[in-house]
Amino acid sequence: MQHRHTTKKKFHLSKRNFWILFVLFLLIAAAAGFGYQHRHRIRVAYNQLGVAKFTRADMTSVQSSMTKSNDQRSPQFTENKLLSDVPSSRYYDTKTGQWDKVAVWDSWPVTKPDGTVANFHGYRLVMGLTSKGQRVDVNGVKIGLYAQKISDNESDISSWQYLGDVFETSGEGHSGKKDEYLDMLKSEWSGSTTMMHENDTTLRVFYTNAIVNGNQAQALTTAKVQLDPADGSDWNSGLTINHEKASDHKTVFVGDGKIYETYDQAAKNKGKVEDSFAMRDPHFVVDGDKYYLTFEGNTARDSGEQGAANFKNYSYFGNYSFYKKDLNRIKSNVNSNEYDRAYQANAALGKLELNKDFTVKKVMKPMVTANATLDIMERPNLFEYKGKWYLFTCFTGKSLSTNDPYLINKNYMFGYVSDNGINGTYKPLNGNGLVLQGNLAESDPAYSYAYLVVRPEKVVNDQFVVTAFQQSHTFAPSYIMQIKGHKTKMITNKVLDQGALNLDGKTYKATAQDDTPTNK
């Protein structure tokens, strides 16, 4: 009897131990799973730590921002003279025996290393994208050079002189090292140019090598070009580009596949709408003794991969409650263009640290990303003002991941600010990043785009110049924008001359653009 009782007791103890061990196993497994997920979230959060996001909530807040004030409206002018072409922007067509127009659109001034407009031996210089006759969007785009004499004290568009192509031949001044990307160059797209030292006769040019292969492969590229006096000794005689002395022409960066997407990675992603690939618009920046290059790119594995992952990170939407609502709405129609655009969207404003020979020293994390919201953030420019670093970018409403006609039929400039240095965390200006909204339809002759904020040599009343091109494919009248800390304001009651780079020139009356575009 005693034996049977002991045996039974041992059986119950064994059974209880089994369940204890089983529960412990489940707890350990759950903890391990939680640990993995937690580590995964930590990895994602760490990789995106300090990276600003242009969110879907920011995008949808644009319309309400515009109804509250005129501070982000683009000015609209009525002076017909402000629709003029650069008179000297012409070329002689040997086939027809006639002089024809050289169209110019995206442009940028030659600056000093601090970002202010350079005085190149008595001239202001501007580089712009050009083509003979009419504007072309793919092959055959050339960077042209324009000069304006400072001593003439002229600010109207006739004071700009067209000097021709910066590079007479493709890859002119090739560094001599094997460069497969430069060898495939088809078009020269936007960039930046710096006069590195006072009294230099050379300029350091950064631009986009548009290889234009299928999904428009691109590469960040640099070269050194030389300008000489037109008569060989007297700078007052004008300028000429010395094509024989171009040098150090080379590819800088094409993406690393980890932080920034490569063309090959993007080409594999096929969707119902085009997946935009970007490795373009390099903007050179100097901070102390360090060289940086900002650019437009796309996120990759370590910075926020596109695709289904765009719908799993609520920070791309802005906040969790909006995430649940907006995600359900988007996923209710997976066959829509909005879904496909949100699935593919992964624009990034990237940054590299460069060596003194303008090669890559360090691939840095993006300053801003726009997963699920936007696939194109063009022409980033970055400068310091009053201890803060300001970053601006522009894009058209057609690039947004939305079906909202209000947002689509506009164009924009957004801005961000870092309070803790060039490598600090950038926060959206004005709460959601919106700095300027243009409402004119593309068919309007005064339609403007490719906005670029220019820091004057002397800033007065916290005001800056905003340049652009307009629909007639020439310099647009320059706008005035005020920057105060984390806030900006467009001055809408006046505009400057076409192509103006300073604030002390002639102004023309203007009004704030209406909020509804015409001639869509």
Side-chain angles (χ1 to χ4, degrees), residues 77 79-110 117-118 120 122-150 152 154-169 172 187-193 203 205 207-208 210 225 227-228 230 237-243 379 442 445-452 454 465 467-478 495-502 505-506:
F77 56 89
E79 294 274 353
N80 286 331
K81 67 166 290 186
L82 296 176
L83 297 172
S84 303
D85 292 327
V86 180
S88 65
S89 191
R90 302 174 69 80
Y91 80 103
Y92 184 75
D93 190 334
T94 56
K95 293 182 180 179
T96 64
Q98 302 291 325
W99 287 88
D100 198 2
K101 172 182 175 180
V102 173
V104 55
W105 54 104
D106 296 16
S107 64
W108 60 94
V110 174
V117 178
F120 186 88
Y123 297 85
R124 298 184 189 95
L125 301 176
V126 163
M127 291 189 178
L129 306 188
T130 67
S131 60
K132 295 177 179 179
Q134 298 300 315
R135 175 182 171 180
V136 296
D137 291 323
V138 186
N139 289 325
V141 180
K142 298 286 289 183
I143 298 174
L145 180 62
Y146 295 80
Q148 181 189 59
K149 263 192 175 182
I150 295 173
D152 288 348
E154 294 180 9
S155 58
D156 64 70
I157 199 164
S158 65
S159 62
W160 288 99
Q161 297 300 308
Y162 172 60
L163 303 182
D165 295 337
V166 172
F167 304 109
E168 196 169 48
T169 59
E172 181 176 279
S187 272
E188 301 157 4
W189 290 357
S190 289
S192 63
T193 307
L203 303 173
V205 180
Y207 73 97
T208 307
V225 300
L227 307 183
D228 294 334
S237 64
L239 300 175
T240 184
I241 303 168
N242 191 332
H243 295 284
R379 307 198 75 207
E442 287 189 53
Y447 167 90
S448 63
Y449 183 58
Y451 305 111
L452 186 74
V454 178
V465 174
T467 66
F469 77 87
Q470 61 188 8
Q471 187 57 30
S472 57
H473 307 313
T474 188
F475 300 156
S478 293
V495 296
L496 297 159
D497 270 300
Q498 290 179 259
L501 298 176
N502 56 71
K506 186 176 180 180

Taking atom types as modelled, is there a side-chain donor on Ser190 or Asp106 under 3.5 Å from an acceptor on the other?
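Ser190 vs Asp106: donor-acceptor pair found between side chains.
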Using atom types as modelled and distance alone, determine if a side-chain donor or acceptor of [X] lies under 3.5 Å from a backbone N or O of [Y].
| X | Y | answer |
| --- | --- | --- |
| Ser478 | Ala468 | no |
| Arg379 | Ser107 | yes |
| Gln470 | Trp105 | no |
| Tyr123 | Gly238 | yes |
| Thr208 | Ala210 | no |
| Ser448 | Ala476 | no |

Shortest non-hydrogen contact between Pro109 and Val454, atoms and distance
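For Pro109 and Val454, the tightest heavy-atom pair comes out as CG-CG2, 4.1 Å.
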List the atom of Leu163, the atom of Ile241, and the distance in Å for their closest heavy-atom pair.
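Reported closest heavy-atom pair: O-CD1, 4.0 Å.
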Show the atom names and distances, to 0.1 Å, of all donor-acceptor pairs under 3.5 Å that link a side chain in residues 142-149 to residues at least two apart or in another chain.
| from | atom 1 | to | atom 2 | distance (Å) |
| --- | --- | --- | --- | --- |
| Lys142 | NZ | Phe167 | O | 2.8 |
| Lys142 | NZ | Glu188 | OE2 | 3.3 |
| Tyr146 | OH | Ser89 | OG | 2.7 |
| Gln148 | OE1 | Arg124 | NH1 | 2.8 |
| Gln148 | NE2 | Glu154 | O | 3.2 |
| Gln148 | NE2 | Ser159 | OG | 2.8 |
| Lys149 | NZ | Asn236 | O | 2.8 |

Leu239 vs Asp228, side-chain contact (heavy atoms from CB on, under 4.5 Å): CA-CA, chis, key distance, verdict
CA-CA 6 Å; Leu239 300 175; Asp228 294 334; over 6 Å; no
Show your reasoning for whether side-chain hydrogen bond (donor to acceptor under 3.5 Å, both in side chains) applies to Gln134 and His473.
CA-CA 8 Å; Gln134 298 300 315; His473 307 313; 4.9 Å; no
Report the distance from atom CZ of Phe475 to atom CD of Gln498, rounding to the nearest 0.5 Å.
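These two atoms lie 9.5 Å from each other.
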Would you check, one step at a time, whether the test side-chain contact (heavy atoms from CB on, under 4.5 Å) holds for Leu125 with Leu203?
CA-CA 10 Å; Leu125 301 176; Leu203 303 173; 3.9 Å; yes
Lys132 atom NZ, neighbour heavy-atom count above 12 within 6.0 Å:
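Check fails, neighbour count at 12 or below.
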Taking the side chain as every heavy atom from C-beta outward, state whether Leu227 and Asn242 have any atom pair closer than 4.5 Å.
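Result no, sub-4.5 Å side-chain heavy-atom pair not found.
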Walk me through it: do Thr193 and Trp108 pass the test side-chain hydrogen bond (donor to acceptor under 3.5 Å, both in side chains)?
CA-CA 8 Å; Thr193 307; Trp108 60 94; 2.9 Å; yes
Report the residues that fulfil salt bridge (Lys or Arg N to Asp or Glu O under 4.0 Å) with Asp85, sequence neighbours left out, ordered by chain and then residue number.
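Expected list: Lys101.
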